[in-house]
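Everything below concerns the one structure shown next.
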Amino acid sequence: MTQKDALLEAPPVDAATPGRAGILAAVCGGGGAGKPGGRCSKARLLPLFGLLLFVGCFLTLRAMQSYAGACRPAAATAAAGGAATLGSIDEMRERIRFRGTNRRLPSCIIIGVRKCGTRALLEFMNMHPKVQAAHGEVHFFDSERYAYGLEWYRKRMPYSFPGQVTVEKSPAYFITDGVPERVRAMNNATRLIVVVRDPVDRAVSDYAQIHANRLAKGKPHATFEAYAVNDYGEVNTSYKAIRIGVYHRHLQRWLDVFPRTQMHVVDGDRLVVDPASELTRIEAFLGLEPLIHADNFYFNATKGFFCLRHDATERCLTDTKGRKHPAINPRVLQKLEDYYRPFNLKFYEQVGRDFNWR
Ligand code: A3P
């Protein structure tokens with residue numbers, strides 16, 4: 001007997017399995033609705049149909065919810081400035097895993113400096129086909145996350161092909177004690193990138209960011225001058241926004257652990273006006289083919305900065321990058337310039353490059 005014959009000879013579903021008739025029999029307590037011996041009244045069937053209706057509605061609602069959830073990120077990005085296409089490409093890139101890829105520990109880290117263009121640099125580098133950048137700031141080496149171990153860190157990295165450079169950026173690494181030693185313990189060949197800008201502008205930018213965040217939360221915040229200068233009219237050297245700008249001090253801790261040749265310093269002011277040239281230097285530092293050119297950038301007059309042109313899409317950094325700075329009392333600015341001058345000279349000497357800051 002063939003399988004098909006056996007199927008034809010099999011007893012009908014009603015008789016052999018608890019199908020529709022079986023269920024009805026269970027509910028009706030007998031031969032089923034409309035069958036001889038059945039004791040099924042409308043009143044007995046009503047709860048069953050009610051239950052089926054409830055389950056049906058529940059499943060439909062769940063399906064609608066998950067569909068809305070899937071649409072939300074793209075819709076939100078579109079509302080925030082029309083970069084929906086790139087937003088969803090980035091999200092897809094995070095989810096899709098191509099054959100032959102793996103998550104790898106970074107071989108290059110942008111260690112700082114906060115408010116000097118670290119985000120712009122990471123996004124620009126990520127245009128290179130041989131670079132895979134981690135999305136957020138992982139803050140592994142400068143926080144309690146270090147206790148989670150390198151495997152935890154590796155899993156925060158994007159998927160990459162063998163030969164691609166995985167890059168992470170967490171600007172707090174630059175100023176946190178113990179981080180250079182931890183990075184060396186992971187891999188003493190890690191390549192380090194530091195982007196710097198005039199420390200006076202950096203301090204104002206730092207203040208502007210914190211000010212905007214506090215205002216958004218309805219919290220009070222004094223003027224930059226009130227933080228930057230103490231009651232005696234001296235520079236307030238304990239103000240964090242000012243301490244970060246003493247670059248040579250922070251850099252020395254890194255140079256005590258890593259050779260200068262393993263570190264590349266980016267001019268953040270040039271990154272703003274001529275991003276392509278700074279990217280060419282980075283490609284050389286990382287031993288990558290020079291593939292990022294001037295036509296990968298276009299100047300957006302509304303934003304006042306260069307934006308990215310890549311993979312047939314164009315986009316700018318978010319509004320949190322390139323904020324308007326408050327006007328600062330010129331005498332306070334002068335005090336800060338005088339304060340930083342000797343430190344800047346030490347920094348130029350350390351890195352072998354004169355940045356000509358005020
Ligand atoms: P401002 O907001 O003070 O202008 P970070 O990413 O490290 O927080 O640095 C933010 C700074 O990146 C911005 O500081 C801005 O000057 C600088 N930047 C450099 N290139 C930029 C770009 N193409 N778009 C926006 N900001 C850019």
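Along the sequence shown, residues carry numbers from 1. Just so you know, ligand 1 is whichever comes first in the structure, and atom 1 is the first atom listed for that ligand.
- Comment: Asp338 does not engage Lys335 in a salt bridge, judged by the lack of any side-chain N to carboxylate O separation of less than 4.0 angstrom.
- Aromatic ring pairs are classed by plane angle as parallel below 30°, tilted from 30° to 60° and perpendicular above 60°; the pair Tyr148 and Trp152 is perpendicular.
- Listed by number with element, the atoms of ligand 1 under 4.0 Å from a non-hydrogen atom of Ser205 are 1 (P), 3 (O), 14 (O).
- Protein heavy atom in closest approach to atom 20 (N) of ligand 1: Ala120 CB, 3.5 Å.
- One finds no salt bridge joining Lys130 and Glu289 here, because no Lys/Arg side-chain nitrogen approaches an Asp/Glu carboxylate oxygen to under 4.0 Å.
- The protein heavy atom nearest to atom 8 (O) of ligand 1 is Lys321 NZ, 2.9 Å.
- Remark: Arg119 engages Glu123 in a salt bridge (charged side-chain N to carboxylate O under 4.0 Å, His left out) (not counting sequence neighbours).
- In this structure, the protein non-hydrogen atom closest to atom 19 (C) of ligand 1 is Val272 CG2, 3.5 Å.
- At a 3.5 angstrom cut-off on N or O pairs, Arg114 does not count as close to ligand 1.
- Residues passing the side-chain hydrogen bond (donor to acceptor under 3.5 Å, both in side chains) test with Gln350, sequence neighbours excluded: Gln252.
- Considering backbone and side-chain atoms alike, Lys169 places every N or O at 3.5 Å or more from each N or O of ligand 1.
- For atom 13 (C) of ligand 1, the closest non-hydrogen atom of the protein is Gly322 N, 3.7 Å.
- Summary of contacts: the protein heavy atom closest to atom 7 (O) of ligand 1 is Thr118 OG1, 2.6 Å.
- Side-chain atoms of Asn236 and Ser238 include a donor-acceptor pair closer than 3.5 Å.
- Assignment of Ala208 to the shell around ligand 1 is not supported, since no heavy atom sits closer than 4.0 Å.
- A cation-pi arrangement is not found for Arg353 relative to Tyr348, the charged atom failing to lie both closer than 6.0 Å to the ring centre and inside a 45° cone about the ring normal.
- Between the side chains of Asn296 and His293, no donor-acceptor pair of N or O atoms lies under 3.5 Å.
- With a heavy-atom cut-off of 4.0 Å, Phe306 touches ligand 1 through its backbone alone.
- Scanning all protein heavy atoms for the shortest distance to atom 21 (C) of ligand 1 gives Phe305 CD2, 3.5 Å.
- Looking at Arg197 against ligand 1, only its side chain comes within 4.0 Å, counting heavy atoms.
- Interface atoms of ligand 1 facing Phe124, defined by a heavy-atom separation under 4.0 Å, are 23 (N).
- In this structure, Phe297 has no heavy atom closer than 4.0 Å to ligand 1.
- Taking a 4.0 Å cut-off on heavy atoms, His325 registers as neighbouring ligand 1.
- Counting non-hydrogen atoms of other residues, nucleotides and ligands closer than 6.0 Å to NZ of Lys321 gives a total above 12.
- Expressed to the nearest 0.5 Å, how far OH of Tyr239 lies from CD1 of Ile244 amounts to 9.5 Å.
- With a 4.0 Å cut-off on non-hydrogen atoms, Cys116 touches ligand 1 through its backbone and not its side chain.
- In this structure, atom 6 (O) of ligand 1 lies nearest to the protein heavy atom Arg119 N, 3.0 Å.
- Counting only heavy atoms of the protein, atom 17 (C) of ligand 1 lies nearest to Gly117 CA, 4.0 Å.
- Note on Arg202 versus Asp206: salt bridge recorded, some NZ/NE/NH1/NH2 to OD/OE distance being below 4.0 Å.
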